[in-house]
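Given the structure is predicted, the values throughout are model-derived calculations rather than measurements.
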Amino acid sequence: MILRSKFLFPWILFGTVIYFIFSRSSLSLPSRQKDFKQRFIGGWKPGCDLSNGTWVRDTGSSHGYTNQTCKSLPESKNCGKYGKNGDYERWRWQPARCELPRFNAKEFLEISRGKRMAFVGDSVARNQADSLVCLLSETEIPKPFHKDHEDKFPIWHFESHNFTLMVMWTKFIVQGTERLTNGSDSGVYDLHLDKIDQEWTKKLPFINHVVISSGHWFFRKIYLYEGGQLIGCIYCSEKIVRNNDPAFGLRKAFRKALQFLNEAEVYDQDNIIFLRTFSPAHFENGTWNGGGYCNRTRPFDEGEINLTGTYWEIRNAQVEEINKIKIASRNAKRRFELLDITKAMMMRPDAHPDTNWNNQWMRGYSDCVHWCMPGAVDMWNDMLLTLLKKYLLEMGSRKAE
């Protein structure tokens, strides 16, 4: 994707690095993908809803990597190393009316040859990117081409396939600023719902596929603005300011982001934006800093989850916004897809690190937001590959017609 706007010019050094990697990239579907339908079989079919299903025991196959074979696996997600019982790995997601094949690294890299993919979002988006790196590393070890001092914008390059993967870190997708109290961070934010966070948009040139997500940063005290005017807040108690739930702000943020991505100029004929739906937390008996934990040892059944609460409301807002942009989009070069993982992950209270992690700044706290690796989070990339295959099959059918 090439974005042409006044925001793209300050990053000369970054652009130089990216250009060096991408100078050999092909901008059209590789010729080797012409026989895609014959070579990459399985997964999505008409009428298949990957988001609706159940977790079933899976003793016969693996995730494709282990916490020993993936050298880039973050310590904070290496739950097995820090004492978590490995049973959380022994489940696979079974859609109700179709199959979801396990991730195939060779297929993914072949499909992605000459492409660039960016995960836009917070640390949970990074969780999925780390999973993808581990999955792909079983076929090719990437070169860590770029790493900033805060490790928020890493780049991995799979040289033999000329495929580049990166993370564009953003808290809210739109522009947010933390208020200061006596010169210190307050944990309270001013959020401008009609202004994109330029920290990720200015780093978007040359990207073919975007996986965008956000959510957990909206669960805090936030003042909401549009057109420079205060329109409400989240988790505030002021009588003169309208209080809203997190879904209100998140809906508007995704609406702005999707509009931005839809209106950006592109020259690539193979451009897909995936919206990954909300990833639920599973704190019990308290919050993350109030003694909450997540020590369950098995997945939930469907009857044990709540499809009427805040998490489901957020997911529904995301679904509605991407459906709207699909209807509104008149850009033939742009494709929007939904990576709907919310229901599946609501059933996995057992798959978080809990206290089985290594974070020197958060000792004693349970992590019930992020996901152990390998584990349930790898299913997100099973879905991602299946949706890429769906897209290419549909492209092939249209060309045949």
Side-chain angles (χ1 to χ4, degrees), residues 42-44 50-51 53-81 84-95 99-109 111-112 117 119 121 123-142 156 158 163 165 167 209 211 213 274 276-280 282 298-299 339-354 356-357 367-389:
W44 183 88
L50 296 174
S51 70
T54 188
W55 291 94
V56 298
R57 275 287 186 179
D58 185 24
T59 57
S61 63
S62 70
H63 291 262
Y65 68 96
T66 71
N67 64 350
Q68 295 179 332
T69 63
C70 181
K71 304 306 180 184
S72 64
L73 197 156
E75 287 290 295
S76 60
K77 312 302 184 299
N78 195 346
C79 307
K81 178 178 177 179
K84 190 175 180 71
N85 186 300
D87 195 61
Y88 65 91
E89 296 183 37
R90 302 185 182 102
W91 300 87
R92 65 177 176 85
W93 180 245
Q94 175 60 62
E99 295 294 324
L100 179 60
R102 282 292 199 191
F103 190 88
N104 185 311
K106 291 181 179 179
E107 282 190 357
F108 190 98
L109 287 170
I111 290 169
S112 303
M117 176 177 286
F119 285 86
S123 57
V124 183
R126 174 64 184 269
N127 204 166
Q128 183 179 4
D130 285 329
S131 164
L132 183 56
V133 171
C134 282
L135 288 163
L136 295 177
S137 294
E138 293 299 296
T139 293
E140 180 182 349
I141 303 295
W156 300 270
F158 296 81
F163 170 60
L165 177 67
V167 174
H209 305 322
V211 184
S213 61
F274 299 92
R276 194 263 295 154
T277 61
F278 185 71
S279 168
H282 288 94
R298 67 165 183 85
L339 190 62
D340 190 355
I341 55 89
T342 305
K343 183 178 179 180
M345 302 311 285
M346 289 175 74
M347 299 183 191
R348 293 308 306 270
D350 60 313
H352 299 285
D354 192 30
N356 304 113
W357 64 320
D367 183 356
C368 303
V369 172
H370 303 94
W371 304 94
C372 295
M373 293 172 51
V377 69
D378 300 315
M379 180 273 290
W380 305 4
N381 291 314
D382 296 342
M383 281 192 179
L384 180 61
L385 175 56
T386 297
L387 291 175
L388 282 170
K389 291 160 72 173

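Between T342 and S51, the closest side-chain pair of non-hydrogen atoms is not below 4.5 Å. Contact check for S137 versus Y65: no side-chain heavy atoms found under the 4.5 Å cut-off. For the pair L388 and H209, the minimum side-chain heavy-atom distance is below 4.5 Å. Looking at heavy atoms from C-beta onward, P142 lies out of side-chain contact with L136 at the 4.5 angstrom threshold.
Taking each heavy atom of P374 and Y88 in turn, the nearest pair found is O-CE1, 3.2 Å. When every heavy atom of T386 is checked against every heavy atom of P101, the shortest pair comes out as OG1-CD, 4.0 Å. Closest heavy-atom contact between L50 and E99: CD2-O, 4.4 Å. H282 and P280 get closest at one heavy-atom pair: ND1-O, 3.9 Å.
Here the NZ-CG distance, from K389 to L384, works out to 11.5 Å after rounding to the nearest 0.5 Å. Between F108 atom CZ and E140 atom CD the span is 12.5 Å, to the nearest 0.5 Å. Distance check, rounded to the nearest 0.5 Å: CZ of R298 to CE of M347 gives 11.5 Å. Within the model, atoms OG of S72 and CD1 of I141 stand 7.5 Å from one another, a figure rounded to the nearest 0.5 Å. Atom-to-atom distance recorded for S131:OG and K77:NZ is 11.5 Å, nearest 0.5 angstrom. Distance check: N127 CG to M373 CE gives 6.5 Å after rounding to the nearest 0.5 Å.
In terms of the side-chain contact (heavy atoms from CB on, under 4.5 Å) criterion, residue partners of E75 (sequence neighbours excluded) are, by chain and number, N78, K81, Y82, N358. For D350, the salt bridge (Lys or Arg N to Asp or Glu O under 4.0 Å) partners at least two apart in sequence or on another chain are R348. With sequence neighbours left out, S279 forms a side-chain contact (heavy atoms from CB on, under 4.5 Å) with V124, R276, I341, W371, W380. With sequence neighbours left out, the side-chain contact (heavy atoms from CB on, under 4.5 Å) criterion links T66 to Q68, T69. D382 meets the side-chain contact (heavy atoms from CB on, under 4.5 Å) test with L100, R102, F103, M379; sequence neighbours excluded.
Looking at K84, its side chain does come within 3.5 Å of a backbone N or O of H352 through a donor-acceptor pair. Remark: side-chain polar atoms of N104 are paired, donor with acceptor, to backbone N or O of K106 under 3.5 angstrom. Side-chain atoms of S76 never come within 3.5 Å of backbone atoms of W357 as a donor-acceptor pair (strictly under, hydrogens ignored). With W156 contributing its side chain and A129 its backbone, the two residues share no donor-acceptor pair below 3.5 Å.
Residues in residues 124-136 take part in these salt bridge (charged side-chain N to carboxylate O under 4.0 Å, His left out) pairs, two or more places apart or across chains: R126-D130, R126-D151.
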List the steps, then state whether side-chain contact (heavy atoms from CB on, under 4.5 Å) holds for Q94 with W55.
CA-CA 6 Å; Q94 175 60 62; W55 291 94; over 6 Å; no

Check the pair D87 / R57 against side-chain contact (heavy atoms from CB on, under 4.5 Å), numbers first and verdict last.
CA-CA 10 Å; D87 195 61; R57 275 287 186 179; 2.7 Å; yes

